[in-house]
Amino acid sequence: MKFRSRLNIDLSYLNNNYNFLKEIAPTNKCIFMVKADAYGHGSKSIVNFAHNELGIKEFGTATLIEALYLRQELYKDQFELYVFSDIQIQEKVSIECYLNQRIIPVISNLSDLKFFLNSSDFSHFPLVLKFNTGMNRLGIAHEEIEIVIKLIKKSGRNSIDHLMSHLSSSSLSMVKNKRNLYQLEKFKELKSSFKAVGININKTSLSNSGAIIQKEGLEESHIRPGLMLYGPSSLLPSLRKEHPWEGLIISKLETYIIKTYKVEKGQPLGYGATPCPDNGMIAIIALGYGDGFLTRFQSSTINYRGHKGEVVGRVNMDMAQIYFNMSARSDLIPGELFTVWDHHQENFLHFAEESGTIPYELFCLLSSRIPRIYGLN
Ligand SMILES: Cc1ncc(COP(=O)(O)O)c(C=O)c1O
């Protein structure tokens, strides 16, 4: 039996995107961000390919559970895994996981830092600190640096293995936006303050996709790309021309046309009986909100074999209505493949913008009903 809808992931595009990334940042080491099941693409296959074929040795997850899954599914200890958000290092069961599976917590508050430095379990573990330089999400406040210095010195350590911060606005200009300039400055100050008191910093990283595309933060040892490796630029449309990113979407979202029929302007369509906008054709596709194709996509457009389709009426749990004008009639055939997005970045970004969402969310929305199918071109 054929799957009706699927996400076809072509890993050769990940290879291309990584090569493009290397052109921008040839010397930086890379922590490849694979949070949220590799941005919805399936972390096991993505990490396996990125490690074996692209030689990436460091990966970032959001939670310990995500990291544990990767350790268990893939070879032990051959790559580093960092947990960025939900680290739970003060829980006994988590400590065992960190120690036994060699997963590295990114510490981003004083309470966890004290616990880490006082625990003999972690005495040989790399100290990885994330500071808040202005994003105001996670991160040790940069004003707390004196306390951090005292704690590190008291613990007998004289180095930080990796110092990080995260940018709030890298989709905006890195050289004009005040928030970005402020964060860059604060990160510099942090590095100088540690150096001034004799605390060595072995590795540093600041830049995510938006900053990397703008070639910022490349003086640090590491970069932390996420979105760009899956294809899309994370820059606002107004910056994309000045800072092009040639990434190819690594996935294609495909479904099937279940049924087609002729409609008249005003004819009620589906739940809510939305009046059809004009005379034309409706194609019912086998995707709905149960798959991650949301009601909010109503009115967004999708290109099908050169015809412009529009999501009309309320999206159902497992179906949606796409309106076409009559010129599409001969191309709309029940049983035919219907591609929602393909490897072209512009189409994908356009669909995200029209749907009032962001590329990150569009990827992560796809539910477990959609099989992820991997191939190599
Ligand atoms: C700490 C950190 N670094 C890097 C990234 C990657 O960001 P992007 O996907 O915009 O490249 C993320 C994404 O969530 C993150 O939280």
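Throughout, numbering of the chain's residues begins at 1 and tracks the sequence. Numbering of ligands and ligand atoms starts at 1, following listing order.
Closer than 4.0 angstrom to ligand 1 sit non-hydrogen atoms from Met33, Lys35, Tyr39, Phe84, Arg137, His166, Asn208, Ser209, Arg224, Pro225, Gly226, Leu227, Tyr360.
A salt bridge links Lys92 with Glu96; the closest basic N to acidic carboxylate O contact falls under 4.0 Å. We find that Lys203 and Glu220 are not joined by a salt bridge, their nearest charged nitrogen and carboxylate oxygen being 4.0 Å or further apart. Between Glu361 and Arg296 there is a salt bridge, since a side-chain N of the basic residue sits under 4.0 Å from a carboxylate O of the acidic one.
Side-chain rings of Tyr39 and Phe363 stay apart, their centers remaining 6.0 Å or farther from each other.
The stretch residues 329-347 participates, sequence neighbours left out, in these salt bridge (Lys or Arg N to Asp or Glu O under 4.0 Å) pairs: Arg305-Glu336.
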After noting the C-alpha distance and the side-chain angles of Gln90 and Ser111, does the key distance pass the side-chain hydrogen bond (donor to acceptor under 3.5 Å, both in side chains) rule?
CA-CA 9 Å; Gln90 303 196 33; Ser111 162; 2.8 Å; yes
